[in-house]
Each structure stands twice: as C-alpha cells, then as structure tokens.
Visitor: 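Quick one: structure below, then a few questions.
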Amino acid sequence: MRDLLEWIDDQPFGLLVALLFCWIFVRANTIYAVGRAATSGRLGARVTAVTQRPGMQRAQAGFNRVGLAIVPVSFLMAGLTFATQLTAGVMRLPWPRYLLAMIPGCIAWSVLTATVGTLALGAVLRLWDAPLGVRIAVATVVAAAIAAYVVRRRRAPSEPAG
C-alpha cells in the first residue's frame with residue numbers, strides 16, 4: 001500500500017485526475033447500461049428487485065424533483081451515485097442526455113478523489129503505523145460516531161410515503 005501512495009505522490013496531478021476520470025466514467029456508464037438492460041428483461045428479476053430498494057426510490061424521487069441535475073450532484077454524495085446511475089438506466093434516460101449530465105459529475109469526483117482521497121489514504125496509512133493505543137483510540141471514536149449516527153437515524157421519524 002505504501003508503494004501505491006508513493007506512486008501517487010510521484011504522478012502529476014493532471015494524470016491522477018485523468019485516470020480517475022476514466023475509472024468513474026466507465027463505472028457510471030456500466031451501471032447505467034445495467035439499468036437499461038434490467039428494463040429489457042435481459043438481467044432478470046435480481047436487478048429489477050434492486051430497483052425497489054429505498055435508495056433507488058430516493059434516487060427516482062430526486063430525478064422527479066430536480067431532473068438531470070441529480071446526476072452530477074450524485075457523484076459528490078457517497079451512496080447515491082450507484083442508485084442514481086442505475087435509476088437513470090432503469091428510467092431509460094436517453095444516453096446523450098445522461099452523458100451530458102454525467103461528465104461534470106465525473107470531473108468533480110475525479111478532482112475530489114485526487115485531492116481529498118489521496119490525503120485520506122495517507123492519513124490511514126500514517127494511522128496504521130501509529131502506536132497501538134492511538135489506533136485503539138481512533139477506532140473507538142469512529143465506532144462511537146457510527147453508533148450515534150445509527151441510533152439517531154433509528155429514532156428519527158420516517159418520511160411519509162408519497
């Protein structure tokens with residue numbers, strides 16, 4: 001893993017952004033294509049069942065509320081990207097329109113990942129080399145934050161269907 005971080009540090013920023021752009025571009029289009037194929041019946045009930053999950057329903061509601069603007073915004077929201085790309089395919093959004101909406105999101109994701117993502121990777125690797133007590137303290141704080149989030153979310157009233 002250290003070799004990867006050293007390799008990343010040795011590369012020009014533009015190259016990292018370009019490589020990440022290619023990765024997210026292919027990934028987003030693949031998920032979109034799976035969504036399109038699901039509606040034609042080629043992938044069967046498994047993929048169709050995924051479209052009934054709450055995340056997919058939220059993505060479809062986002063499309064209905066704000067239209068194509070949800071596509072580029074979804075790249076900046078962890079967990080919503082997959083659902084939005086699949087929903088765009090399931091809704092049979094015309095590919096040229098999807099492409100025009102997707103490219104700004106791919107660019108934003110690439111730049112964000114090349115900056116914040118590499119910083120986070122470096123922090124994780126430094127934490128890995130930290131003394132055991134520091135690792136335990138960080139793990140405890142992260143676990144407590146996740147637990148608080150889950151508890152708060154479960155106590156929150158659910159949104160009315162509609």
Side-chain angles (χ1 to χ4, degrees), residues 1 4-5 20-21 23-93 97-98 101-162:
M1 193 61 117
L4 174 63
L5 195 56
L20 289 166
F21 177 86
W23 162 255
I24 196 64
F25 184 85
V26 169
R27 179 180 178 265
N29 276 289
T30 301
I31 295 168
Y32 169 82
V34 167
R36 294 279 301 217
T39 60
S40 67
R42 287 184 244 158
L43 294 179
R46 285 180 137 176
V47 174
T48 305
V50 170
T51 64
Q52 302 308 313
R53 292 184 181 166
M56 294 293 295
Q57 298 300 316
R58 284 192 299 274
Q60 189 163 358
F63 269 106
N64 293 336
R65 253 191 327 274
V66 297
L68 280 176
I70 192 73
V71 175
V73 170
S74 74
F75 284 90
L76 303 177
M77 303 173 83
L80 187 60
T81 307
F82 176 85
T84 302
Q85 309 317 314
L86 193 61
T87 300
V90 168
M91 292 176 73
R92 304 198 61 78
L93 188 67
R97 288 178 56 204
Y98 169 75
M102 180 198 57
I103 288 175
C106 288
I107 292 168
W109 182 90
S110 303
V111 170
L112 188 65
T113 302
T115 54
V116 177
T118 56
L119 290 173
L121 179 61
V124 168
L125 290 176
R126 280 194 275 312
L127 179 62
W128 189 258
D129 291 338
L132 180 61
V134 172
R135 288 185 281 172
I136 290 172
V138 170
T140 302
V141 168
V142 169
I146 291 171
Y149 173 77
V150 168
V151 167
R152 192 176 82 206
R153 199 130 154 128
R154 286 189 180 165
R155 287 185 183 165
S158 60
E159 295 180 23

Visitor: Closest approach of A28 and Y98, non-hydrogen atoms and distance?
Guide: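 Closest pair (atom of A28, atom of Y98, distance): O-OH, 3.2 Å.
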
Visitor: Less than 4.5 Å apart, any side-chain heavy atom of I24 and any of R27?
Guide: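 Yes, side chains in contact.
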
Visitor: Please name all residues satisfying side-chain hydrogen bond (donor to acceptor under 3.5 Å, both in side chains) with R92, sequence neighbours left out, ordered by chain then number.
Guide: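 Partners of R92 by the side-chain hydrogen bond (donor to acceptor under 3.5 Å, both in side chains) criterion, ordered by chain and then number, come out as T39.
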
Visitor: According to side chain to side chain donor-acceptor pair (under 3.5 Å), does anything in residues 71-81 pair up with another residue at least two apart or in another chain? List the pairs.
Guide: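 Residue pairs with at least one partner in residues 71-81: S74-Q85.
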
Visitor: Are Y32 and L86 packed together at the side-chain level, in the sense that at least one heavy-atom pair is separated by less than 4.5 angstrom?
Guide: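 They are not in side-chain contact.
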
Visitor: List for me each residue that meets side-chain contact (heavy atoms from CB on, under 4.5 Å) alongside T113, sequence neighbours excluded, and say none if there are none.
Guide: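 T113 satisfies side-chain contact (heavy atoms from CB on, under 4.5 Å) with L20, W109 only.
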
Visitor: Quick one: side-chain contact (heavy atoms from CB on, under 4.5 Å) partners of M77, sequence neighbours excluded?
Guide: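 Checked M77 against side-chain contact (heavy atoms from CB on, under 4.5 Å); matches are V73, L80.
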
Visitor: I'd like to know whether N29 forms a side-chain contact (heavy atoms from CB on, under 4.5 Å) with M102, so could you lay out the CA-CA distance, the side-chain angles of the two residues, the decisive distance to 0.1 Å, and finally the verdict.
Guide: CA-CA 9 Å; N29 276 289; M102 180 198 57; 3.3 Å; yes

Visitor: F82: what forms a ring pair (Phe, Tyr, Trp, His ring centres under 6.0 Å) with it, not counting sequence neighbours?
Guide: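 With sequence neighbours excluded, F82 shows a ring pair (Phe, Tyr, Trp, His ring centres under 6.0 Å) to no residue whatsoever.
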
Visitor: So T84 and F75, do their side chains get closer than 4.5 Å, heavy atoms only?
Guide: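 A side-chain contact is absent here, since even the closest heavy-atom pair is not under 4.5 Å.
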
Visitor: Return a table of donor-acceptor pairs under 3.5 angstrom between the side chains of residues 135-144 and protein atoms on other chains or two or more places apart.
Guide:
unit_1	atom_1	unit_2	atom_2	d
R135	NE	A130	O	3.2
T140	OG1	I136	O	2.7

Visitor: Between the main-chain N or O of L93 and the side-chain N or O of R36, is there a donor-acceptor pair closer than 3.5 Å?
Guide: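 Side chain of R36 to backbone of L93, a donor-acceptor pair under 3.5 Å: yes, one is there.
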
